[in-house]
Amino acid sequence: MTEMQDNGADAGFMQLALEQAQHAWDLGEVPVGAVVVKDGAVIAVGYNQPIGRHDPTAHAEIQALRAAAEKLGNYRLPGCELYVTLEPCVMCSGAMLHARLSRVVFGASDPKTGACGSVLNLFEQAALNHQTAISGGVMADECGAFLKRFFVERRRAQAAARLVAK
Ligand SMILES: [Zn+2]
C-alpha cells in the first residue's frame with residue numbers, strides 16, 4: 001500500500017521531524033528525526049542517537065515510538081501516524097508494525113537499508129495481519145539535502161583532523 005502524497009499537513013509535520021533531526025546533528029549523530037502524530041497533534045518526538053546512548057536500537061523512530069507509547073500508556077499506537085525524515089530500516093519498520101500505527105510517512109529514500117520499498121518492503125507483506133499505510137517522498141528533497149550536508153561536513157571535518165594529525 002504505497003502512495004505518494006504531499007499535502008500541507010504532511011509537509012508541516014515533516015518539517016517538525018527535520019527539527020528533531022537537527023538535534024541529532026548537534027550531537028554528531030546521523031541526523032534523522034521523527035514525530036508521532038495523533039488527532040492532528042504531535043504527541044511524541046525522537047531523533048537518532050545510537051552513538052551517544054550506546055544503543056544500536058536508538059533510531060529516531062524507536063525513540064519516538066517509545067515516547068508515544070509511554071505517553072499514551074499503551075504499547076500499541078492505533079490511530080497514530082509517524083513521520084520520519086529517512087525511509088525506515090527493517091528494525092524500525094518491524095517496531096512500527098508491532099505498534100499498529102495507522103500510517104507511516106517518510107521523507108528521503110534510503111537505498112542502502114530502506115525497508116519501505118528501497119531494499120525491501122515490509123509493509124507490503126499481505127500475510128501480516130496488520131496493515132500500515134506508507135507515504136514516501138514527503139519533502140524528499142529537503143530531507144535528502146539535509147543528510148547530504150551532514151555527511152559533506154563530516155568528511156570535511158575528518159579530512160581536517162587528518163591534516164592536523166600529520
Ligand atoms: Zn531504523
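Each ligand, and each atom within it, is numbered from 1 in the order the structure gives. These values consider heavy atoms only, across backbone and side chains, with no hydrogens, waters or symmetry-generated copies.
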Undergrad: What is the minimum heavy-atom distance between Q131 and Q125, and which atoms define it?
TA: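 So the minimum-distance heavy-atom pair works out to NE2-O, 3.3 Å.
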Undergrad: Please test V36 against K71 for side chain to side chain contact (heavy atoms under 4.5 Å, CB included), starting from the C-alpha separation and ending with a verdict.
TA: CA-CA 11 Å; V36 176; K71 180 152 191 174; over 6 Å; no
Undergrad: Side chain to side chain contact (heavy atoms under 4.5 Å, CB included) between T57 and R66: does it pass, once the steps are laid out?
TA: CA-CA 11 Å; T57 72; R66 286 197 173 124; 3.8 Å; yes
Undergrad: With a 4.5 Å limit on heavy-atom distance, are the side chains of V119 and K112 in contact?
TA: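 The answer is no, as the side chains (C-beta and beyond) never meet within the 4.5 Å cut-off.
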Undergrad: With no hydrogens and no angle check, is any side-chain donor or acceptor of T132 less than 3.5 Å from a backbone partner on R103?
TA: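 A pair under 3.5 Å: no.
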Undergrad: For the Zn ion (ligand 1), count the protein N, O or S atoms found under 2.8 Å away.
TA: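 There are 3 of them.
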Undergrad: Given side chains that start at C-beta, do those of L128 and F123 come closer than 4.5 Å, heavy atoms only?
TA: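 Contact flag for L128/F123 side chains = no.
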